[in-house]
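Chain naming here is simple, since letters A, B, ... match the order of the sequence lines and numbering starts at 1 in each.
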Protein chains: 2
Amino acid sequence: MTSVSTEPRDTDGPTPATPPTGGSAAQRERRRRILDATIALAAEGGFDAVQMRAVAEHAEVALGTLYRYFPSKIHLLVSALAREFTKDVERSAVRATPGDTAHERIMYVLNRRTRALQKQPKLTEALVRAFMFADQSVTGEIHEVGTSLTTVIARAMHGTPTLGEVTEEEAAIIRIISDVWLSALISWVTGRMDAEDVEKSIDVAVRLLLR
Amino acid sequence: MTSVSTEPRDTDGPTPATPPTGGSAAQRERRRRILDATIALAAEGGFDAVQMRAVAEHAEVALGTLYRYFPSKIHLLVSALAREFTKDVERSAVRATPGDTAHERIMYVLNRRTRALQKQPKLTEALVRAFMFADQSVTGEIHEVGTSLTTVIARAMHGTPTLGEVTEEEAAIIRIISDVWLSALISWVTGRMDAEDVEKSIDVAVRLLLR
DNA sequence: TCTAGACTTGTAACACGTTCTACATCAGGG
DNA sequence: CCCTGATGTAGAACGTGTTACAAGTCTAGA
């Protein structure tokens, strides 16, 4: 966790942060192996266990290559989070969310995601802490995560897998719900809330916002 | 209050995390110098500039002593944040908050604090990132910060420096506002929101929650 | 096929958080 | 007044993120 506070410029060649798409098949394959290794190590030992040398070894790439694909440990972990969230979004596009009211549907998607995260506490700790620690240089990846989250909530709010118009007020409400969810997740990761508290705090927020 | 929660506590001497009060005068003085040095370095160069060796040198204590007082860089920074917030709370207890409605009063205190933080972007970056990165071992200090924040908001909500009863619903609303504020602060620190966005997002949240 | 340049690899080196060691200082009780 | 244990000091040492570098390998185009 050093440097890069104000000057993100470097001798960048071809891959500023190696986007998921593009590159040769071998490169996409390497990228996949790296992210898989990241998830595996994080799931087993959390943030501290995701050591760059270990990731490189596990993914069978050289350390330098790892850094060419992901310029820092934080980029790496946030990218892993972005990949997981993107998968969820694709899944949520398939069919309508169950629930009769917006409240029920939002709680359904958020609780489902929350419980999935809680099943892998170490992984969640790693991803959430990386997300929270990210600085300016990770804007792109962070934005990707934020977009996924708001998309899923917006779909749940409307109850349809396709997204119609979202009013200004709805967008504001969705942003607040995201904030509360993230905040609750942090509290859970750091042991200041238990699983029940998380669900309850989101439920209260949704109720207050959707009345 | 400062008790250590889960870990296998070892040969702990006298100062598990050196609470603000207690200890000899020389010790309180050292603690003050350390936190002052932390704030000074953070204000100048942000999170990365708060290097333990530099803090120790600036505070004129040995590195080992610094670690005796604060067991990690994160503890150090979150403690600094807690000290600043506590000062604010004491100030806010002196007189009533200006504003005719709860909305106005809450916006007044939060905007004042937000603007104070924005005047020292580097310092804010350091404190906010430390707060977000904190793990389980920093629960005590984090809780202190959270309490300060909710106290100030609760006072503003009621418009009186003394705290009367706070209903369950009010407490929930205050928690959500805190979440939104923190989240906005992160976005600002990482360059994803500008100063105006921060104020606006809080304003929207308060409006939606207090209707 | 040959070659230039990009991409990978393996490894060493560096920075900073953290821990450890050996010694000095100080305060209090006999 | 001295002993003793806690506290402080100075500095080395260690681990891990990050960077640097020399050499091997793959690919596209002449």
Participant: At under 4.0 Å, does any side-chain N or O of B:Arg68 touch on OP1 or OP2 of D:dT7?
Facilitator: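 Looking at the OP1 and OP2 atoms of D:dT7, one of them is under 4.0 Å from a side-chain N or O of B:Arg68.
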Participant: Once rounded to the nearest 0.5 Å, what's the spacing between atom CZ of B:Phe47 and atom CD1 of B:Ile74?
Facilitator: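 One finds 4.5 Å between CZ of B:Phe47 and CD1 of B:Ile74.
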Participant: Applying a 4.0 Å non-hydrogen cut-off, can you work out what A:Val55 is touching in the nucleic acid: base, sugar-phosphate, or nothing?
Facilitator: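 Since no nucleic acid heavy atom lies under 4.0 Å of A:Val55, the category is nothing.
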Participant: Using whole Å, report how far CG of A:Leu77 lies from P of D:dT16.
Facilitator: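 Rounding to the nearest Å, CG of A:Leu77 and P of D:dT16 are 16 Å apart.
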Participant: Does atom NZ of B:Lys200 have more than 12 heavy-atom neighbours, drawn from other residues, nucleotides or ligands, at distances under 6.0 Å?
Facilitator: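 It does not: B:Lys200 NZ has 12 such atoms or fewer within range.
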Participant: Identify which nucleotide among C:dT8, C:dT18, D:dT9 has an atom closest to any side-chain atom of B:Ala62, counting heavy atoms from C-beta outward.
Facilitator: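 So the side chain of B:Ala62 is nearest to D:dT9.
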Participant: Provide, to the nearest angstrom, the distance between the CZ atom belonging to B:Phe133 and the P atom belonging to C:dG17.
Facilitator: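 Rounded to whole Å, this separation is 12 Å.
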Participant: Against A:Leu208, only a single residue in B:Leu208, B:Ile176, B:Leu210 fulfils side-chain contact (heavy atoms from CB on, under 4.5 Å); can you say which?
Facilitator: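 With A:Leu208 as partner, B:Leu208, B:Ile176, B:Leu210 yield a single side-chain contact (heavy atoms from CB on, under 4.5 Å), made by B:Ile176.
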Participant: I need the single residue from A:Arg31, A:Arg33, A:Gln27 that forms a side-chain contact (heavy atoms from CB on, under 4.5 Å) with A:Glu29. Which is it?
Facilitator: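 Testing each of A:Arg31, A:Arg33, A:Gln27 against A:Glu29, the sole residue satisfying side-chain contact (heavy atoms from CB on, under 4.5 Å) is A:Arg33.
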Participant: Does B:Arg32, at its CZ atom, have more than 12 non-hydrogen atoms belonging to other residues, nucleotides or ligands within less than 6.0 Å?
Facilitator: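 Yes, because the 6.0 Å sphere around CZ of B:Arg32 holds more than 12 heavy atoms from other groups.
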Participant: Calculate the interatomic distance between A:Glu29 atom CD and D:dC26 atom C1'; express it in whole Å.
Facilitator: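 The answer, rounded to whole Å, is 17 Å.
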Participant: In whole Å, I'd like the distance from the CE atom of B:Met52 to the C1' atom of D:dA13.
Facilitator: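 Interatomic distance, CE of B:Met52 to C1' of D:dA13: 17 Å.
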Participant: Just how far, in rounded Å, is C1' of D:dG8 from CD1 of B:Ile34?
Facilitator: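 The answer, rounded to whole Å, is 11 Å.
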Participant: Nearest to the side chain of A:Lys73 - C:dT9, D:dG8, D:dT18?
Facilitator: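 Looking only at side-chain atoms, A:Lys73 lies closest to D:dT18.
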Participant: Look at all strands and tell whether A:Glu60 reaches a base, only sugar-phosphate, or nothing, counting heavy atoms closer than 4.0 Å.
Facilitator: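 Here A:Glu60 touches the backbone only, sparing every base.
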Participant: 5'-most contact on DNA chain C: B:Tyr67 or A:Leu63, nearest heavy atom basis?
Facilitator: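 That would be A:Leu63.
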Participant: Return the value, rounded to whole Å, for the distance between atom CZ of A:Arg31 and atom P of C:dC7.
Facilitator: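 Result: 16 Å.
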Participant: Write down the distance between CG (B:Leu66) and C1' (D:dG11), rounded to a whole number of angstrom.
Facilitator: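 Rounded to whole Å, this separation is 15 Å.
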Participant: B:Glu57 CD to D:dG8 P: how many Å, rounded?
Facilitator: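 Distance check: B:Glu57 CD to D:dG8 P gives 19 Å.
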Participant: Applying a 4.0 Å non-hydrogen cut-off, can you work out what A:Arg53 is touching in the nucleic acid: base, sugar-phosphate, or nothing?
Facilitator: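 Base, at least one base heavy atom under 4.0 Å.
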Participant: Side chain of A:Gln51 only, heavy atoms from C-beta on: which candidate in D:dG8, C:dT18, D:dG17 is closest?
Facilitator: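 From the listed options, D:dG17 comes nearest.
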